[in-house]
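Start at 1 with the first residue, then count along the sequence.
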Amino acid sequence: MILPIIGYGDPVLRKIGEEITPEYPNLKEVIANMYETMYNAYGVGLAAEQVGLSIRLFVVDTSPFGEDEDLKKEEQDQLKGFKRTFINAKMLKEEGEEWGFNEGCLSIPEVREDVYRHERITIEYYDEDFNKKTEVFDGLIARVIQHEYDHIEGILFTDKISSLKKRLIQKKLQNIMEGKTRPDYKMKFVAKKGR
């Protein structure tokens, strides 16, 4: 089922997600709905907070980046084949040089800014079957994971840009809160319920 994506300004986006257990109600269905919602909005990642759930869960599928012809074939293949569900994730390490990339967010439509993140991460998490994993990721995959991990920590990518850039996008952010934006997917706004 495609769920409405929660827009900027909603307090749920600022909550730190709570850990869940395998007994979390309808977990498989929640995960399936999150993937369906993400694909419908042409996203590469989606956190539970973005569909109104304050839990430590996010999904990632970097396949769209695998179509980028500027990348080496090996990188394209790695991105095309990367799809994961992260439950109760814990960032163990962020290392390497910070590099900039123009990021956007489904909860903040029509806003894109360069964000600097570490090139490599080590993360511990449970998959959808509650198998515990510790993995190292780098490049674009690491970046997408860091972006979604921030969501379960109550952090948005706009928190990572300069105060000047924040002032420049203030009107756009206000418009999102008031529901004055029209992305081609279903959203739920603070000031205006529904779409």
Side chain to side chain contact (heavy atoms under 4.5 Å, CB included) between E36 and L3, worked out: CA-CA 8 Å; E36 193 176 349; L3 306 168; over 6 Å; no

Is the closest side-chain heavy-atom distance between [X] and [Y] below 4.5 Å?
X    : Y    : result
T21  : N88  : no
V30  : M34  : yes
L140 : F82  : no
V190 : E178 : no
C105 : V111 : no
N33  : V51  : no
I145 : F58  : yes
I6   : E49  : no

Assess whether side chain to side chain contact (heavy atoms under 4.5 Å, CB included) is satisfied between E94 and E119, documenting all intermediate values. CA-CA 8 Å; E94 292 176 297; E119 63 187 347; over 6 Å; no

Quick one: list whatever passes side-chain hydrogen bond (donor to acceptor under 3.5 Å, both in side chains) with [X], sequence neighbours left out.
X    : result
T134 : none
E29  : none
Y125 : R84, E135
E103 : R117, R143, H147

Which heavy atom of [X] sits nearest to which heavy atom of [Y], and what is that distance?
X    : Y    : answer
Y35  : K83  : CE2-CE, 3.5 Å
D159 : R14  : OD2-NH1, 2.6 Å
I5   : A41  : CD1-CB, 3.9 Å
I176 : S107 : CG2-O, 4.0 Å

Is there a donor in the side chain of Y39 and an acceptor in the side chain of D61, or the other way round, less than 3.5 Å apart? yes

Is a donor from one side chain sitting under 3.5 angstrom from an acceptor on the other, for Y185 and T37? no

[X] [atom1] to [Y] [atom2] distance, which is reported to the nearest 0.5 Å:
X    : Y    : atom1 : atom2 : answer
T62  : I141 : OG1   : CD1   : 4.5 Å
L106 : Q50  : CG    : CD    : 6.0 Å
S63  : L79  : OG    : CG    : 8.5 Å
I31  : N26  : CD1   : CG    : 11.0 Å
I108 : M187 : CD1   : CE    : 9.0 Å
Q146 : R120 : CD    : CZ    : 11.0 Å

Please lay out, stage by stage, how K132 and D127 fare under the test salt bridge (Lys or Arg N to Asp or Glu O under 4.0 Å). CA-CA 7 Å; K132 191 174 188 177; D127 67 15; over 6 Å; no

Side chain to side chain contact (heavy atoms under 4.5 Å, CB included), that's the test. Do K166 and L173 meet it? Break it down for me. CA-CA 9 Å; K166 277 185 198 155; L173 296 177; over 6 Å; no

Could you check whether [X] pairs with [Y] (Lys NZ or Arg NE/NH1/NH2 to Asp/Glu carboxylate O, under 4.0 Å)?
X   : Y    : answer
K28 : D129 : yes
K72 : E74  : no
D10 : K15  : no

Ring pair (Phe, Tyr, Trp, His ring centres under 6.0 Å) involving Y8 - partner list, sequence neighbours excluded: none

Taken in chain and number order and not counting sequence neighbours, the residues that satisfy ring pair (Phe, Tyr, Trp, His ring centres under 6.0 Å) with Y126 are F130

Check the pair R112, N102 against side chain to side chain donor-acceptor pair (under 3.5 Å), reporting the backbone distance first and the verdict last. CA-CA 6 Å; R112 298 193 67 82; N102 196 256; 2.9 Å; yes

Crowded around [X] [atom1]? As in, over 12 foreign heavy atoms under 6.0 Å?
X    : atom1 : result
F101 : CZ    : yes
E98  : CD    : yes
K90  : NZ    : no
E110 : CD    : yes

Within the side chain of H151, is there an N or O that forms a donor-acceptor pair under 3.5 Å with the backbone of A47? no

Got a donor-acceptor contact below 3.5 angstrom from the D114 side chain to the G100 backbone? no

hydrophobic_cluster_shared for [Y] and [X], side chain cutoff 4.5 Å:
X    : Y    : value
M38  : L27  : yes
I152 : I155 : no
W99  : I121 : yes
V12  : L156 : yes

Please test L92 against I123 for side chain to side chain contact (heavy atoms under 4.5 Å, CB included), starting from the C-alpha separation and ending with a verdict. CA-CA 5 Å; L92 301 180; I123 192 165; over 6 Å; no

Of V60, V59, L57, which is the lone residue that meets side-chain contact (heavy atoms from CB on, under 4.5 Å) with F86? V60

Report the C-alpha separation of R56 and E153 in whole Å, then their side-chain angles, then the decisive distance to 0.1 Å, and conclude whether the salt bridge (Lys or Arg N to Asp or Glu O under 4.0 Å) test is met. CA-CA 8 Å; R56 297 186 76 77; E153 291 291 322; 2.6 Å; yes

